[in-house]
Amino acid sequence: MTLRLYSDLAHLWPVISPPEEYLVEAQEWLDVIRDRLDVAPSPGQTLPTLLELGCGGGHLLSHLTPHFITEAVDISPQMLEISRRLNPQTLHHVGDMRTFRLGREFDVVAIHDAVNYMITEDDLWAAIETAAAHLNPGGLVLLAPDCVQETFSGPRVVEWTREAEDRSVTFIEYVGKPQPGSTSVESVFIFVIDEGGDLKVEVDRHTGGLFPAETWLNLLEAAGLGAEYIQTNAYEGGFGGNLFVGQKSALS
Ligand SMILES: C[S@@+](CC[C@H](N)C(=O)[O-])C[C@H]1O[C@@H](n2cnc3c(N)ncnc32)[C@H](O)[C@@H]1O
């Protein structure tokens with residue numbers, strides 16, 4: 001199913017979720033990475049390398065580019081275009097995080113909130129395999145799902161309004177309740193776009209993964225990585241605050 005927010009409505013992404021809102025989270029990531037990364041720099045290379053899978057508009061990435069040599073992958077050409085404009089120094093690729101193979105390794109492989117779109121354990125495993133396949137010895141995988149089963153609350157509604165030069169956009173999300181035994185939960189997104197009093201309403205539906213913390217840790221370990229769960233601050237709407245870190249042995 002085509003997700004409208006990442007296709008015909010992609011132009012709303014920089015308005016409802018602007019890059020500056022990712023600064024604090026990026027700083028938390030940098031602290032986690034600096035404390036753990038154990039890779040020898042390649043000859044002639046001053047910065048470590050980072051690959052982001054599911055980079056979206058590259059908003060989080062824009063705070064990491066000063067610290068890494070970056071490449072980024074997304075399944076949506078429209079979102080990649082937004083990220084390309086924001087992060088011109090980053091090499092961008094169209095690809096599915098479950099199957100993408102670049103044939104090169106990086107010091108850090110990150111999947112931010114795009115990992116929410118892994119809605120079965122098979123999907124999540126495929127994405128983690130992709131991340132591990134692109135990782136240097138001593139390198140780190142970072143996965144940041146919006147929710148884990150233990151702390152998820154639904155049904156609920158979250159909403160916020162953001163102003164841009166030519167319009168204001170109100171984002172309303174109804175987050176449903178998972179079916180018993182399900183590893184996913186459905187949301188309905190409503191966008192109210194106010195262009196000087198001319199109101200437009202757009203609707204989109206998304207399904208997100210919802211796994212227990214143990215599943216994330218077990219899959220990282222099954223991929224041959226040391227696994228850790230770090231709880232950080234949630235962002236707007238109570239999303240986020242979950243960081244799963246996998247580390248490949250420096251001796252492998
Ligand atoms: C919420 S956006 C990511 C926003 C990003 N964190 C940022 O800072 O701008 C989620 C992204 O996941 C991407 N995505 C969803 N499923 C994917 C898949 N299987 N492979 C790669 N990208 C995927 C979507 O196209 C979308 O761009």
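Atoms within each ligand, like the ligands themselves, are counted from 1 in listed order. All residue numbers refer to positions in the sequence shown, counting from 1.
Scanning for ring pair (Phe, Tyr, Trp, His ring centres under 6.0 Å) contacts around Y229 gives F244, with sequence neighbours left out.
For ligand 1, the protein residues placed under 4.0 Å by at least one non-hydrogen atom are Y6, W13, Y22, G54, C55, G56, G57, G58, H59, L60, D74, I75, S76, M79, G95, D96, M97, R98, H112, D113, A114, Y117, M118.
Under the 6.0 Å cut-off for aromatic ring centres, Y22 and H59 qualify, their centroids lying closer than that. Ring-centre distance between F211 and F152: not below the 6.0 Å cut-off.
Using the six-membered ring where Trp is involved, W29 and H112 have ring planes that are perpendicular, over 60° apart on the 30 and 60° scheme.
In summary, E71 and R104 engage in a salt bridge, as defined by a charged side-chain N under 4.0 Å from a carboxylate O.
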Does the side chain to side chain contact (heavy atoms under 4.5 Å, CB included) test come out yes or no for H134 and V109, once each step is laid out? CA-CA 7 Å; H134 291 91; V109 182; 4.0 Å; yes
